[in-house]
*Asks:* 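Right, I'll just put the structure down here and ask away after.
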Amino acid sequence: MTSAWSRRTFLATSAVLTAAGGSALVLAEPRTATAAADDPYAALRATWSALILGEGFSPTAEPFKTRLATLGTQAQQWLDTMAPADGALWPDAVYVDPDPDTDPESYGFSAKMADSFIRLNTMAQAYRQQGTGLTGNTGLRDAIVTGLEHLNSQVYKAGQVRYGNWYSWQIGAPQALLDVCVLMYDALTPAQLGRYCAAVDHFVPDSAVASYTGTSTGANRVDLCRVLALRGVVGGTAAKIALARDALSPVFPLVSKGDGLYADGSFIQHTTVPYTGSYGSVMLGGLGLLFALLKGTTWEVTDPKRQVVFDAVENAWAPFLFNGLVMDSVAGRAISRGEVDDHRRGHPILASIVLLGRGASAAENARWRALVKGWAQRDYYSPPLSNPSLNLTALSRLKSVLDDTSLTPIPEPEGHRLFPDMARATHRRPGWAAALSMADKRITYYESGNGENLRGWHTGSGMLYWWGDTFANGQYSDAFWPTVDPYRLPGTTASRKPLADGAGGDWGVALPDVNWVGGVTDKKRAAVGQYLKGLSSTLLAKKSWFFLDDTVVCLGAGIRSQDGAAVETTVDNRNLGPTGNAPFTVDGSVKPVTRPWSATLNGASWAHLGGHGGYVFPGGATVKALRENRSGRWRDINTGGSSETVTRAYLTLWVDHGQNPADASYAYQLLPGASEQRTAARAADTGWLRVLANTDDQQGVSVASLGLTAVNFWFGGSVGPLTADAPCSVMVTEHPDDTATLCVSDPMRMRTSLTLTWNRAVASVVSKPSTVTSATTGSSLRLVFGDLSGTRGATQTVKVRLA
């Protein structure tokens, strides 16, 4: 095997290369003889080149050989089609705006400007990378320089008034421009570099990071710091690099509102949008790059608060990674981007975790690499090394982990994570995982913007995602979003009232005026509830989920609407792929696999979908079922998406509450991965689950075999053995050792006092939080909680010894 070339050696020495055909290619001579080791900026350029080109891989080994050839082919296409003209560097990328503004049309023109720099970046990488067929090609080199000069003279220059999207001018274009400047540094004159730096200074002045507000927070702040740092590297300006380093500090501390990382593991961007899997990925990757760039230099990031980011790897990102994918519940409008699905979004996060490990402790680095190896190995649906959207650097990092025989892969964790600060939850059990998306007065129903995610209206209305360990990992990857019925998302209760694309407004401005969203967890099980108000409708509902060992118990009550439209609760909506022949059985009767097929299942006790799991309806229910083909285009939900029609088969189960329901309800169990036999057995065991309440006031269940009682008190009252004098969420678990754990929270974050009584003999209180101001034991347990308004909906845990 050919040994890998060191990118630092490659760039610092501008060595003589030998082309595949045998002719010698000579790169431009360095402008100065100063060795990189004696010039901190040359050393930083070499480091950055290695970070963005990758290192430690062989260009003759797969998947790198093919990927390098593809890079060369793409660069050749840009080289062949480049045609500098007024207003465009390529005919299909016109950037001149006849009516400069900030409307969607202007957004398009600014995007073409940034895309022109991105194409030049692709060409520069092909010039510097080995094995592209264009390595060191002088014609390509000259074309790149011509392109930079053209864009600088026409549009990206000092004094130019920006139009369209701020992002294109402050992040998209300058990041690509500065990368090209580093890669082509020896081919550019000091005058050219000076003009390019002046352009960056014009659009990204120091004031861009003067305050931690607006578009200068979270992932955007990290991106801006990357621009400032590379501007300092290219221009040899120490103050710029120091400013970039120092401007990172506001990103590190945990926040209690707005954008950033929260103590409970939430990550918010755009003020109201859970974004761990999209903007959070950008922030993680950007921080990893900057930490690595500056490590060991005068400008090394030493702020002790950076440990918050390291801690967030397992507190914020890991809970949303499963078998290599990152859950769509925290991807915002990125779910509508057809070329990058949940797996392809997850892989860069894995690579970023590996990179971030370089700046962490040895123990953290080793554990993270073992985590990444597990996620990458288990991604049978979309193996990371086959991801066409993953760049060479990410590929090389992941391959190094997969090839590391000293690493033992860490399996998927088990347990429950509740994220009250972003109205999300994840639940993991042996064989499956689930995620829940909700909305409240702080967290939007969904985000649209830039023509993206136009029909994500109900993703915050209690959407319940789930995956199996070795099955259904492509459930939301395989053209789900353009083909699914957007009014029938799994787990949601929604009005069929027609909504316009982008209903509610862009950028997550639509917020339901509700407080009661959240729940309690003992880190293994959970009781979660959502007071639902429909988007642009009169729909109201109380929804509860009880996440247990092998099931999720789903209750709904108080469902009412006056929209004049049908209201439905979607039990599930499974993407069966192009063929859709998974067998469907109801109470032992196998249903047709033909499409379309539909039926009203009166008095159904259970149902089972082969290869997926089971559904149990306590006491029987009237459920509607539909097997159908659904067609759509990515462009239907994203104006920049493909216009090709795609078709997928679906099996949908839903409860029809009728038009204008006044007080409808539902109850069912979801059993991911359950066999038909286990599903039927659970339905036959009518005493396994007791529904203690399912009303507009309270919802609660008990499972004697688990020693569990859980209640969501929408209002104070008594349910089973529990009495609360105010709204709260409660879960009690009795253990075999004669102890019990009581978990309590105030999802509304408003209680200044709460009294909870458990009608059970208790000998003593073993431990309690400071929020408990009084605890009385005896024939019953009475707990008085003080001010819970500052607990941010977090679970308060009391442990007792039973009498």
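What you see below is based on every heavy atom in this structure, not just the backbone, and it leaves out hydrogens, waters and symmetry mates.
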*Asks:* If the threshold is 4.0 Å, N to carboxylate O, is there a salt bridge linking Asp478 and Arg648?
*Replies:* yes
*Asks:* If you measure only the distance, is there a donor-acceptor pair under 3.5 Å linking the side chains of Gln796 and Thr771?
*Replies:* yes
*Asks:* Establish, yes or no, whether the cationic atom of Arg488 lies under 6.0 Å from the six-membered ring centre of Trp654 and within 45° of the ring axis.
*Replies:* yes
*Asks:* Quick check: closest heavy atoms across Phe547 and Val552, and the distance to 0.1 Å?
*Replies:* CD2-CG2, 3.7 Å
*Asks:* Taking the side chain as every heavy atom from C-beta outward, state whether Gln269 and Thr276 have any pair of such atoms under 4.5 Å apart.
*Replies:* no
*Asks:* Can Asp550 and Arg429 be counted as an ion pair, charged N to O under 4.0 angstrom?
*Replies:* no
*Asks:* For the residue pair Asn712 / Gln699, report whether a side-chain donor-acceptor contact shorter than 3.5 Å exists.
*Replies:* no
*Asks:* Is the Tyr668-Tyr666 ring centre distance short of 6.0 angstrom?
*Replies:* yes
*Asks:* Answer yes or no: is there a donor N or O on one side and an acceptor on the other, between the side chain of Thr217 and the main chain of Thr213, under 3.5 Å?
*Replies:* no
*Asks:* Taking the inter-plane angle between the rings of Tyr476 and Trp467 on a 0 to 90° scale, is it parallel (under 30°), tilted (30 to 60°) or perpendicular (over 60°)?
*Replies:* perpendicular
*Asks:* Can you check whether Trp432 and Phe471 have ring centres sitting under 6.0 Å from each other?
*Replies:* no
*Asks:* Does the side chain of Thr272 reach to within under 4.5 Å of the side chain of Leu511, using non-hydrogen atoms?
*Replies:* yes
*Asks:* Please determine, by modelled atom types, if Asp787 and Thr752 share a side-chain donor-acceptor pair under 3.5 angstrom.
*Replies:* no
*Asks:* For the backbone of Ala500 and the side chain of Trp457, can you confirm whether one donor and one acceptor N or O come within less than 3.5 Å of each other?
*Replies:* yes
*Asks:* Taking side chain as C-beta onward, heavy atoms only, is Thr521 less than 4.5 Å from Cys743?
*Replies:* no
*Asks:* To the nearest 0.5 Å, what is the distance between CZ (Phe546) and OG1 (Thr709)?
*Replies:* 10.5 Å
*Asks:* Would you say Ser789's side chain and Arg749's backbone share a donor-acceptor pair under 3.5 angstrom?
*Replies:* no
*Asks:* So does Ala316 get a backbone contact from the side chain of Tyr262, meaning a donor-acceptor N/O pair under 3.5 Å?
*Replies:* no
*Asks:* Does the side chain to side chain contact (heavy atoms under 4.5 Å, CB included) test come out yes or no for Val701 and Leu692, once each step is laid out?
*Replies:* CA-CA 5 Å; Val701 300; Leu692 301 176; 5.6 Å; no
*Asks:* Using only atom types and a distance under 3.5 Å, with no angle test, would you say the side chain of Ser461 pairs donor to acceptor with the backbone of Thr492?
*Replies:* no
*Asks:* Aromatic ring centroids of Tyr445 and His458 under 6.0 Å?
*Replies:* no
*Asks:* Hey, mind stepping through Trp375 and Phe322 against ring pair (Phe, Tyr, Trp, His ring centres under 6.0 Å) and telling me if it holds?
*Replies:* CA-CA 7 Å; Trp375 286 319; Phe322 181 76; over 10 Å; no
*Asks:* Indicate whether any N or O donor in one side chain lies under 3.5 Å from an N or O acceptor in the other, for Thr426 and His416.
*Replies:* no
*Asks:* Is any side-chain N of the basic residue among Arg442 and Asp440 closer than 4.0 Å to the acidic one's carboxylate O?
*Replies:* yes
*Asks:* May I ask you to check whether Thr741 and Asp522 show a side-chain donor-acceptor distance below 3.5 Å?
*Replies:* no
*Asks:* Can you tell me how far apart CD (Gln698) and CH2 (Trp714) are? Round to the nearest 0.5 Å.
*Replies:* 11.0 Å
*Asks:* Backbone N or O of Arg417 within a donor-acceptor pair of the Arg424 side chain at under 3.5 Å?
*Replies:* no
*Asks:* So, do Tyr465 and Phe480 have ring centers that fall under 6.0 Å from each other?
*Replies:* no
*Asks:* Less than 4.0 angstrom from a charged side-chain N to a carboxylate O is my criterion; do Lys257 and Asp421 meet it?
*Replies:* no
*Asks:* Provide the closest heavy-atom pair for Lys305 versus Phe252 in the form atom of the first, atom of the second, distance.
*Replies:* O-CB, 3.3 Å
*Asks:* Give a yes or no on whether the backbone of Ala510 and the side-chain of Thr444 come within a donor-acceptor separation of less than 3.5 Å.
*Replies:* yes
*Asks:* Compare all side-chain heavy atoms of Ile637 with those of Ser336 and state whether any distance is below 4.5 angstrom.
*Replies:* yes
*Asks:* I want to check something: taking the side chain as every heavy atom from C-beta on, are Asp469 and Glu412 in contact at a cut-off of under 4.5 Å?
*Replies:* no
*Asks:* Do Arg455 and Trp481 form a cation-pi contact, if we require the NZ or CZ to be under 6.0 Å from the six-membered ring centre and within 45 degrees of the ring's axis?
*Replies:* no
*Asks:* Compute whether any side-chain donor of one residue and acceptor of the other, for Ser477 and Asp342, lie under 3.5 angstrom apart.
*Replies:* yes
*Asks:* Using a 4.5 Å cut-off on heavy atoms from C-beta on, say whether the side chain of Arg525 contacts that of Leu706.
*Replies:* yes
*Asks:* Which atom pairs, one a donor and one an acceptor, fall under 3.5 Å between side chains of residues 277-286 and the rest of the protein, sequence neighbours left out?
*Replies:*
from   : atom 1 : to     : atom 2 : distance (Å)
Tyr279 : OH     : His270 : NE2    : 3.3

*Asks:* Using every non-hydrogen atom in the two residues, find where Asp341 and Arg344 come nearest and quote the distance to one decimal.
*Replies:* OD1-N, 2.9 Å
*Asks:* How long is the span from the CZ atom in Arg221 to the CD1 atom in Ile171, to the nearest 0.5 Å?
*Replies:* 11.0 Å
*Asks:* Side-chain donor-acceptor pair under 3.5 Å between Ser448 and Asn453, yes or no?
*Replies:* no
*Asks:* Can you find a side-chain donor-acceptor pair between Thr215 and Asn220 that sits under 3.5 Å?
*Replies:* no
*Asks:* Tell me, please, which residues at least two apart from Glu339 pass salt bridge (Lys or Arg N to Asp or Glu O under 4.0 Å).
*Replies:* none
*Asks:* Would you call Asp746 and Cys728 a side-chain contact if the rule is heavy atoms closer than 4.5 Å?
*Replies:* no
*Asks:* Establish, from distance only, whether the side-chain atoms of Asn323 and Asn473 form a donor-acceptor pair under 3.5 Å.
*Replies:* yes
*Asks:* What heavy-atom pair brings Ala394 and Ala351 nearest, and what distance separates the two atoms?
*Replies:* CB-CB, 3.6 Å
*Asks:* Rounded at 0.5 Å granularity, tell me how far CG in Leu289 sits from OG in Ser352.
*Replies:* 7.0 Å
*Asks:* Does the side chain of Thr569 reach to within under 4.5 Å of the side chain of Ile559, using non-hydrogen atoms?
*Replies:* yes
*Asks:* Would you name the heavy atoms of Asn573 and Tyr650 that are closest together and state the gap between them?
*Replies:* OD1-CD2, 3.3 Å
*Asks:* Find the distance between CG (Leu788) and CE (Met750) and round it off to the nearest 0.5 Å.
*Replies:* 12.5 Å
*Asks:* Any side-chain to backbone donor/acceptor pair from His347 onto Ser389? Under 3.5 Å, distance only.
*Replies:* no
*Asks:* Compute whether any side-chain donor of one residue and acceptor of the other, for Asp264 and Ser266, lie under 3.5 angstrom apart.
*Replies:* yes
*Asks:* Any chance you could measure Leu261, atom CG, to Leu254, atom CG, to the nearest 0.5 Å?
*Replies:* 6.5 Å
*Asks:* What I want to check is whether the side chains of Lys497 and Ser536 have a donor and an acceptor closer together than 3.5 Å.
*Replies:* no
*Asks:* What pair of heavy atoms forms the shortest contact from Pro319 to Arg428, and how long is it?
*Replies:* O-NH2, 2.8 Å
*Asks:* Can you tell me if Glu364 and Gln307 form a side-chain donor-acceptor pair at under 3.5 Å?
*Replies:* yes
*Asks:* Using a 3.5 Å distance criterion without hydrogens, assess whether the side chain of Asn450 forms a donor-acceptor pair with backbone atoms of Glu452.
*Replies:* no
*Asks:* Decide, yes or no, whether a salt bridge links Asp696 with Arg560 under the criterion of side-chain N to carboxylate O below 4.0 Å.
*Replies:* yes
*Asks:* Assess whether a salt bridge exists between Asp311 and Arg306, defined as any Lys/Arg side-chain N lying under 4.0 Å from an Asp/Glu carboxylate O.
*Replies:* no
*Asks:* Mark yes or no for whether Thr570, through its side chain, and Asp572, through its backbone, hold a donor-acceptor pair below 3.5 Å.
*Replies:* no
*Asks:* Test side chain to side chain contact (heavy atoms under 4.5 Å, CB included) on Ser329 and Phe320 and set out the steps.
*Replies:* CA-CA 9 Å; Ser329 59; Phe320 292 97; 4.1 Å; yes
